[in-house]
Amino acid sequence: MSGAPEIRFSHVCKDFPRPDGAGKFRAVDDVNLDIARGDLVALLGKTGCGKSTMFNMIAGLGEPTEGEVRVRGRDPFREFDSFRGQIAIVFQNDRLLPWRTALGNVELGLEMLGRPPAERRDNARVWLARLGLAGHENDYPHALSGGMRQRVSIARAFATDAGILLCDEPFSALDEMTAQKLREEFSTLVRENGKTAVFITHSISEALHLGDRVIVLRRPAQIALDTRVSRDASQCERDAIRARIEAILAE
Ligand SMILES: Nc1ncnc2c1ncn2[C@@H]1O[C@H](COP(=O)(O)OP(=O)(O)O)[C@@H](O)[C@H]1O
Ligand SMILES: [Mg+2]
């Protein structure tokens with residue numbers, strides 16, 4: 001893809017104060033990273049390696065201690081409001097409002113963007129149907145399975161038409177069968193709709209299934225491997241990448 005990257009980290013460090021108040025520790029250490037428009041990037045690493053910290057900086061929920069994060073050339077933290085409607089987020093926990101139906105939850109993001117009622121209703125219906133939830137529009141979250149609730153939050157993310165999707169371990173609380181199915185549907189939707197997606201995971205299989213590009217982090221967050229995974233890579237090629245990743249994560 002040509003032009004400026006959608007997401008850029010330049011020498012990004014993030015320090016947190018230690019819980020005991022004795023100084024600080026480094027969660028992200030001098031990360032340089034460019035993510036091009038239309039890329040589906042899996043950010044992989046063990047728990048505690050700084051994935052969510054990086055994620056939060058892309059989403060504008062946290063600021064680097066040193067260096068710069070840029071999304072579409074702008075500072076996502078300082079210019080947070082200018083990203084309205086451009087970034088959609090899916091978390092591990094579906095974060096649905098329990099007092100709103102599936103439809104009402106998908107409409108929420110569109111309400112916040114000030115879209116007219118008829119348009120948001122139609123759009124929400126279309127996206128629920130694409131996620132296999134036609135007929136469940138009026139169900140409340142408590143009546144839906146974990147997988148279905150996560151489908152609603154994915155529908156909500158796509159319905160806003162944001163060009164950038166950020167997902168922080170969205171399938172890790174689901175059983176493997178459900179996760180596998182959603183993973184496939186998710187990556188197809190990302191590609192069909194030309195989204196740029198950053199998908200955080202601690203699962204090697206998930207990263208290899210999803211990513212056009214897999215970035216492996218070591219702790220504190222530093223890039224240990226950054227590799228493209230061709231969609232038609234052979235099993236043998238995938239096994240070789242997996243072995244390299246396993247070796248890094250075992251360090
Ligand atoms: N707000 C915070 N204050 C202090 N420490 C934090 C904060 N957020 C994360 N950390 C610490 O930073 C490290 C990286 O955390 P995190 O980014 O959540 O890792 P991951 O998402 O890869 O599991 C961990 O040691 C975590 O305890
Ligand atoms: Mg995390």
Side-chain angles (χ1 to χ4, degrees), residues 7-33 35 39-71 75-78 80 87-96 146 149-150 153-154 157 164-176 178-179 182-183 186 196-211 213-227 242 244-251:
I7 298 170
R8 168 168 279 178
F9 278 59
S10 311
H11 297 291
V12 171
C13 301
K14 178 74 178 181
D15 297 332
F16 288 115
R18 288 187 185 279
D20 58 9
K24 55 196 181 172
F25 82 99
R26 182 145 285 194
V28 176
D29 192 17
D30 196 26
V31 168
N32 291 294
L33 174 65
I35 294 175
D39 245 354
L40 202 180
V41 177
L43 208 53
L44 169 69
K46 284 192 276 202
T47 300
C49 78
K51 303 184 294 298
S52 294
T53 304
M54 286 181 64
F55 181 92
N56 288 339
M57 288 192 282
I58 301 170
L61 303 172
E63 198 175 23
T65 310
E66 287 169 38
E68 256 182 23
V69 176
R70 289 288 177 269
V71 178
D75 183 331
F77 186 81
R78 303 246 162 129
F80 188 82
I87 298 179
I89 300 182
V90 185
F91 290 104
Q92 179 177 343
N93 173 313
D94 55 65
R95 302 200 185 188
L96 301 180
R149 285 199 298 273
Q150 208 49 301
S153 49
I154 293 170
I164 300 174
L165 284 178
L166 305 178
C167 307
D168 195 353
E169 312 215 25
F171 308 143
S172 62
L174 304 176
D175 67 83
E176 184 44 32
T178 307
L182 263 176
R183 221 173 265 147
F186 175 82
T196 305
V198 179
F199 192 105
I200 299 216
T201 178
H202 63 260
S203 153
I204 301 179
S205 306
E206 180 159 81
L208 286 172
H209 266 111
L210 271 175
R213 179 177 171 197
V214 176
I215 295 175
V216 185
L217 301 173
R218 58 165 66 98
R219 184 174 190 208
Q222 264 184 340
I223 295 174
L225 178 71
D226 182 349
T227 185
R242 173 183 284 274
R244 284 170 72 195
I245 296 174
E246 279 169 351
I248 292 164
L249 295 182
E251 277 170 14

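As the structure lists them, so they are numbered: ligands from 1, and atoms in each ligand from 1. We number each residue from 1, following the sequence as shown.
- Of the candidates Gly62, Pro19, Gly48, the one placing a heavy atom closest to atom 14 (C) of ligand 1 is Gly48.
- Side-chain atoms of Met54 and Val69, non-hydrogen and from C-beta on, never get closer than 4.5 Å to each other.
- Given atom 16 (P) of ligand 1, the protein heavy atom at minimum distance is Thr53 OG1, 3.7 Å.
- Residue-ligand proximity: Gly45 is placed with every non-hydrogen atom at 4.0 Å or more from ligand 1.
- With ligand atoms numbered from 1 in the order given, ligand 1 contributes 12 (O) to contacts under 4.0 Å with heavy atoms of Ala27.
- Within 4.0 Å of atom 27 (O) of ligand 1, not a single protein heavy atom is present.
- Listed by number with element, the atoms of ligand 1 under 4.0 angstrom from any heavy atom of Lys46 are 22 (O).
- Inclusion of Thr53 in the first shell of the Mg ion (ligand 2) is not supported: no N, O or S atom falls under 2.8 Å.
- Partner of Lys14 under the side chain to side chain contact (heavy atoms under 4.5 Å, CB included) criterion, chosen from Asp29, Val31, Asn56, Thr65: Thr65.
- Ring orientation note: the planes of Phe25 and Phe16 are tilted relative to one another, at an angle of 30° to 60°.
- Between Pro76 and Ile58, every side-chain heavy-atom pair lies at or beyond the 4.5 Å cut-off.
- Under the 3.5 Å distance criterion, the side-chain polar atoms of Arg183 are left unmatched by any main-chain donor or acceptor of Glu206.
- Across Gly50 and Val28, no two heavy atoms sit closer than the pair O-CG2, 4.2 Å.
- Checked against Met57 for a side chain to side chain contact (heavy atoms under 4.5 Å, CB included), the options Val71, Ile7, Val12 give a single hit: Val12.
- Residue Thr47 approaches ligand 1 through these ligand atoms, each under 4.0 Å from one of its heavy atoms: 23 (O).
- Looking only at heavy atoms of the protein, atom 1 (N) of ligand 1 is closest to Phe16 CE2, 3.6 Å.
- Compare Gly50, Pro220, Ala221 by their heavy atoms: the one nearest to atom 19 (O) of ligand 1 is in Gly50.
- Residue Ser52 has at least one heavy-atom neighbour below 4.0 Å for each of these atoms of ligand 1: 17 (O), 18 (O), 20 (P), 21 (O).
- Within the 4.5 Å cutoff, the side chain of Glu63 has heavy atoms near those of the Arg78 side chain.
- With a heavy-atom cut-off of 4.0 Å, Arg219 touches ligand 1 through its side chain alone.
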Apply salt bridge (Lys or Arg N to Asp or Glu O under 4.0 Å) to residues Arg26 and Glu66 and explain how you reach the verdict. CA-CA 11 Å; Arg26 182 145 285 194; Glu66 287 169 38; 3.2 Å; yes
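- Counting only heavy atoms from C-beta outward, the side chains of Phe186 and Cys167 approach each other to under 4.5 Å.
- Here atom 22 (O) of ligand 1 lies nearest to Lys51 when heavy atoms of Lys51, Met54, Lys24, Met57 are compared.
- An N or O contact shorter than 3.5 Å is missing between Pro17 and ligand 1 by distance.
- Between Phe25 and ligand 1, not a single N/O pair is under 3.5 Å apart.
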